[in-house]
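Each remark here refers to the structure printed beneath this line.
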Amino acid sequence: MKNSYGPFKLIVLLVVIFFSCDKKQEQKSKPNIILIYADDLGIGMLGHEGQKIIKTPNIDQLATEGMRFKNSYSSMLCAPSRASLISGKTDTHATAFEISKGGIYKKAGQENFSPEEIEAKINKILTPIPEEDLFLGEVAQKAGYVTAQYGKLEWGFAATHQQMNRHGWDHYFGYLDHVRAHGFYPPYLFGNQGLIKITGNTLLNCAKSIEPETPEAYKERWDMTGKKTYSQDIFMDSITTFIRKNKDKPFFLYFPTQLPHGPVSIPKVHDDYINDSRLTQIEKEYASMVKLLDDNVGEIMEELKKNGLDDNTIVIFSADNGHEIYYAKEGRIDKKYTNRYTKQRFDDYDRKYYSELAGDVFDGNGGRAGIKRSNLQGGINVPLIVRWPNKIAAKSVSKRLVAGYDILPTVAEITGFSKELKVDGVSFYDELLGKKSKAEHDYVVFSSFIGPTLITNDGWKIRYYYNKKAFNLYYLPEDFKEENDLSIEHPEKYNSLKKMLLEACDGDYNNGFFKWAKIINIKE
């Protein structure tokens, strides 16, 4: 028995080793995924989209080597966009995303304000997450990926360690509170191990600067007392370290950067703009923030190359919403967005925001109407670029209709996540590979402070203007500036899209009107 059992054990051992090696090889061959999510980056701020002042060579290179989507949309504001991205669902349902009030972590670490107590208050008031709900990090994690998130951490406006774990992040480090993320010199950040103090940063408001530009604002902005370490330097160090440590296993890295969200804050003005006579001082500083974002993208790409990961890493670049003005100055451009010729406030209905009327030297929305918070194109039409060497054709441009909530099912398909997804998003994986898609959107839909909007895959757009109880109909392929309301000329299309929009809002247009009442107020 002993002699016959020995060879049997050897065979079993060899079989185990074979399948173990095969499994490891399968895991190693899976592509890494890096999602870079810019904050308030208007589509017109990128060189390949027509930006004339700021050069963005690294982001442009992603588009040159990969696929650029012309019809990519997201919500009009940070919180619903990020909730939609993470959950794969639209923000127009009757059951709204639960968004906690921002600012609650401002006093964390101070006497009588422990982070644990603050988290307990948030977790107590939020509805428990159903077991069947799936999230962006979770689908990659369950497919065998190491997951990490660094920066302005996901859910709005304040998140908790419990949420971060539930959403599938093995590692995270950054701001749990989006209000604190409006400053770039945090005295503390949060990670898996809790509150982490940042030596030399002493300002409780994270050195959030003053708007609009005045001599006092300039002086305050460049007073570096208590501002030792810039947050983006911290995050880039975390990201490059993560890539090096996990180069031998598949990983999903999500980088929700603060850049170029304001108020303006930058350690130094970039050399490109110091002597640029076209720009005011505050505009030079804002341009430097966009430039730093581009530099960060370049640094990530260089780290991939150094570690031999470039060919087997998918890099996705997008943004949470449209352009915003953080460089207002009297006589140049008003923060209370005003037509510089008529001196009337824009209302994005009778008086639509356009860059040339507002005095925006950058034309951050690329000629579109509206900016952040609006359901016009400037508020919701966002960049989306995907690069994957030897898989995605270089310099390819897609006209496919896509939404931020499509990224979750796409990541699920890329990683091999096999469980059924109950989401509104549709994977665009086949589009990346140049194949005929199994499914596409008939339309995408979003809420806003104005009201809901719906865009069809053949370019029709209907939007609801809540305060006037009015609808507009546009045909975007011939009118990307949304200057011509076609409601009267096309009554059948108008009525059919009104009905479609109502259904997308679960039977009530008000579900597409983003109310602050949806935000859960948590007392400190």
Side-chain angles (χ1 to χ4, degrees), residues 20-38 56-68 136-151 168-174 192 232-257 259 292-318 383-396 407-408 410-417 427-429 432-434:
S20 176
C21 291
D22 191 53
K23 181 71 173 176
K24 287 180 180 178
Q25 189 61 37
E26 178 190 346
Q27 285 293 92
K28 193 173 181 180
S29 66
K30 285 186 175 184
N32 306 307
I33 305 169
I34 297 178
L35 169 58
I36 303 168
Y37 205 53
T56 55
N58 295 299
I59 299 171
D60 295 345
Q61 189 68 16
L62 294 180
T64 299
E65 296 177 353
M67 177 177 288
R68 174 170 62 93
L136 181 61
E138 186 181 12
V139 298
Q141 186 184 61
K142 290 188 172 180
Y145 278 62
V146 180
T147 62
Q149 180 181 174
Y150 300 107
W169 304 109
D170 294 317
H171 308 280
Y172 71 88
F173 183 47
N192 298 75
Q232 301 310 293
D233 295 338
I234 299 171
F235 299 140
M236 288 308 299
D237 182 64
S238 299
I239 287 166
T240 53
T241 299
F242 174 83
I243 291 172
R244 287 192 296 272
K245 285 185 175 180
N246 294 280
K247 64 181 180 180
D248 295 325
K249 59 190 83 168
F251 62 77
F252 174 49
L253 171 61
Y254 173 35
F255 178 28
T257 174
L259 295 169
L292 181 57
L293 168 63
D294 186 73
D295 289 344
N296 288 166
V297 171
E299 190 176 343
I300 290 170
M301 299 308 297
E302 183 61 27
E303 193 64 38
L304 291 175
K305 291 180 174 69
K306 284 180 184 177
N307 289 277
L309 301 173
D310 183 52
D311 286 346
N312 196 40
T313 300
I314 302 170
V315 177
I316 305 170
F317 180 90
S318 192
L384 175 62
I385 306 166
V386 187
R387 175 190 183 272
W388 189 7
N390 305 315
K391 297 287 186 178
I392 297 175
K395 298 182 181 179
S396 52
I407 290 178
L408 185 152
T410 303
V411 167
E413 188 166 4
I414 291 169
T415 59
F417 180 79
S427 171
F428 52 82
Y429 180 66
L432 299 176
L433 302 182

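These figures come from a predicted structure and were not determined experimentally.
Interatomic distance, NZ of Lys247 versus CG of Asn307, reported as 5.0 Å (0.5 Å rounding). The OH atom of Tyr172 sits 12.0 Å away from atom OG1 of Thr147, with the distance rounded to the nearest 0.5 Å. For the atom pair Lys391 NZ and Asp311 CG, the distance stands at 11.0 Å (nearest 0.5 Å). Once rounded to the nearest 0.5 Å, the distance linking CG of Asp237 with CD of Glu299 reads 9.0 Å. Taken from OG in Ser396 to CG in Leu432, the straight-line distance is 8.5 Å, to the nearest 0.5 Å. Atom OG of Ser238 is separated from atom CG of Asp233 by 11.0 Å, given to the nearest 0.5 angstrom.
Contact record, Pro383 with Ser318: O-OG, 2.8 Å, taken as the closest heavy-atom pair. Between Pro31 and Tyr145 the shortest heavy-atom distance is O-OH, 2.6 Å. Residues Leu293 and Leu259 come closest through the heavy atom pair N-CD1, 3.7 Å.
The side-chain heavy atoms of Ile392 and Arg387, taken from C-beta on, include no pair separated by under 4.5 Å. Looking only at side-chain heavy atoms (C-beta outward), Leu253 and Ile243 come within less than 4.5 Å of each other. Annotation: side chain of Asp170 is not in contact with side chain of Asn192 (no heavy-atom distance under 4.5 Å). With a 4.5 Å cut-off on side-chain heavy atoms, Ile59 and Phe317 count as touching. Residues Glu303 and Ile300 have side chains not in contact (no heavy-atom distance under 4.5 Å, counting atoms from C-beta outward). Looking at Thr257 and Gln232, their side chains come closer than 4.5 Å, going by heavy atoms from C-beta outward. Side-chain contact check for Phe173 versus Ile234: some heavy-atom pair is nearer than 4.5 Å. For the pair Phe251 and Ile33, the minimum side-chain heavy-atom distance is 4.5 Å or more.
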(request) In sequence, state the C-alpha distance, the side-chain angles, and the governing distance for Ile36 and Ile316, and then conclude on side-chain contact (heavy atoms from CB on, under 4.5 Å). (result) CA-CA 6 Å; Ile36 303 168; Ile316 305 170; over 6 Å; no
(request) Would you check, one step at a time, whether the test side-chain contact (heavy atoms from CB on, under 4.5 Å) holds for Leu136 with Phe252? (result) CA-CA 10 Å; Leu136 181 61; Phe252 174 49; 3.8 Å; yes
(request) Could you walk me through whether Leu304 and Met301 pass side-chain contact (heavy atoms from CB on, under 4.5 Å), step by step? (result) CA-CA 5 Å; Leu304 291 175; Met301 299 308 297; 4.2 Å; yes
(request) Evaluate side-chain contact (heavy atoms from CB on, under 4.5 Å) for Phe417 paired with Leu408, printing each intermediate quantity in order. (result) CA-CA 11 Å; Phe417 180 79; Leu408 185 152; over 6 Å; no
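Under the 3.5 Å distance criterion, the side-chain polar atoms of Asn32 are left unmatched by any main-chain donor or acceptor of Ile314. A donor-acceptor pair under 3.5 Å is absent between the side-chain atoms of Thr415 and the main chain of Ala143, judged by distance alone. Between the side chain of Thr410 and the backbone N or O of Phe428 there is at least one donor-acceptor pair closer than 3.5 Å. The closest donor-acceptor contact from the side chain of Lys395 to the backbone of Gly66 lies at 3.5 Å or more, if one exists at all.
Comment: Glu302 does not engage Lys306 in a salt bridge, judged by the lack of any side-chain N to carboxylate O separation of less than 4.0 angstrom.
No more than 12 heavy atoms of other residues, nucleotides or ligands sit less than 6.0 Å from atom NZ of Lys245.
Using modelled atom types and a 3.5 Å distance limit, the side chains of Asp294 and Thr56 yield no donor-acceptor pair.
Using the six-membered ring where Trp is involved, His171 and Phe242 have ring planes that are perpendicular, over 60° apart on the 30 and 60° scheme.
Shown are Trp169, Tyr150, Phe235; of these, the ring pair (Phe, Tyr, Trp, His ring centres under 6.0 Å) with Tyr254 is made only by Trp169.
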